[in-house]
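Since the structure comes first, as structure tokens, the remarks are kept for the end.
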Amino acid sequence: MKVSAPNPTPTDASALAAAVRQLATEAHRLLADPACPPEETRDLSRRLSCLRRQLRGRSNDSVTRWIDQLEEKIDSATLAHSSR
């Protein structure tokens with residue numbers, strides 16, 4: 001079941017935290033599934049990009065680093081999946 005992350009406003013800390021938790025849960029599920037459809041990883045990448053844009057101008061270095069690392073894992077998984 002795919003659930004879209006909410007689009008929190010930059011000042012809504014609780015919604016931002018919920019979006020991060022939801023993305024983390026979804027990323028864990030997708031990265032653990034070797035048969036994950038490519039469109040789901042593309043959707044996750046798109047949602048991470050949206051979250052990154054929402055964080056601009058805020059002091060969320062740890063969340064930004066987490067997004068960077070997660071995007072690298074997704075890229076690696078996508079490459080591995082496409083080489084099969």
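Quantities reported herein were computed from a predicted structural model and do not represent experimental measurements.
The heavy-atom pair separating Leu55 from Thr64 by the smallest distance is CD1-OG1, 4.2 Å. Here the closest heavy-atom approach between residue Trp66 and residue Leu51 is recorded as CZ3-CD2, 4.4 Å.
Remark: Glu39 CD to Leu44 CG distance equals 13.0 Å, nearest 0.5 Å. Rounding to the nearest 0.5 Å gives a distance of 7.5 Å between CG of Leu16 and CD of Gln54. Summarising the geometry, atom CZ belonging to Arg42 is positioned 10.5 Å from atom CD belonging to Glu40; distances are rounded to the nearest 0.5 Å. Between atom CD1 of residue Ile67 and atom OG of residue Ser62 there is a gap of 10.0 Å, rounded to the nearest 0.5 Å.
In this structure, Thr25 has no side chain to side chain contact (heavy atoms under 4.5 Å, CB included) partners at least two apart in sequence or on a different chain.
Contact annotation: the side chain of Leu48 approaches that of Ile74 to within less than 4.5 Å [non-hydrogen atoms, C-beta and beyond].
In summary, Arg46 and Asp43 engage in a salt bridge, as defined by a charged side-chain N under 4.0 Å from a carboxylate O.
Applying the salt bridge (charged side-chain N to carboxylate O under 4.0 Å, His left out) test to pairs two or more places apart or on separate chains, those with a residue in residues 70-79 are Arg52-Glu71.
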